[in-house]
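Each residue takes its place number in the sequence, starting with 1. What you see below is based on every heavy atom in this structure, not just the backbone, and it leaves out hydrogens, waters and symmetry mates.
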Amino acid sequence: MESSLKYNTAAVDDYFLVPMTNNAAVIPATVWTSVVLPESHFVLVTAKMMYYHNDKFTVINYINNKAMNPSTILLAKHT
């Protein structure tokens, strides 16, 4: 997510998914690129693990909760 931190200006966010299975030995490398970031913006890069199991009726049931919700800030910087 990036923002100029000015009042009444929109933040820009983007995300991507890397599917992983619980029995994968190696997860292939993934390259992610973003749009060119303008100067004088605050950039925040985060990562979060979303745990789920498949269900034949609802397809995906997320099992993350308040106690188990791994996430981290990877980068926080002013351009």
Show which residues join Val31 in its hydrophobic cluster (side-chain heavy-atom contacts under 4.5 Å, direct or indirect), or state none.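 Members other than Val31 - counting any ILVMFWY side chain reachable under 4.5 Å - there are none.
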
Show every donor-acceptor pair shorter than 3.5 Å between a side-chain atom in residues 59-68 and any protein atom, with sequence neighbours excluded, or say none if there are none.
residue: Asn61; atom: OD1; partner: Thr58; partner atom: OG1; Å: 2.8
residue: Asn61; atom: ND2; partner: Thr58; partner atom: OG1; Å: 3.3
residue: Asn64; atom: OD1; partner: Tyr51; partner atom: N; Å: 2.6
residue: Asn64; atom: ND2; partner: Met49; partner atom: O; Å: 2.8
residue: Asn64; atom: ND2; partner: Asn69; partner atom: OD1; Å: 3.1
residue: Asn65; atom: OD1; partner: Ala67; partner atom: N; Å: 2.9
residue: Asn65; atom: OD1; partner: Met68; partner atom: N; Å: 2.7

Let me see the working for Ile73 and Leu75 under side chain to side chain contact (heavy atoms under 4.5 Å, CB included), right down to the final yes or no. CA-CA 6 Å; Ile73 295 175; Leu75 173 77; 5.9 Å; no

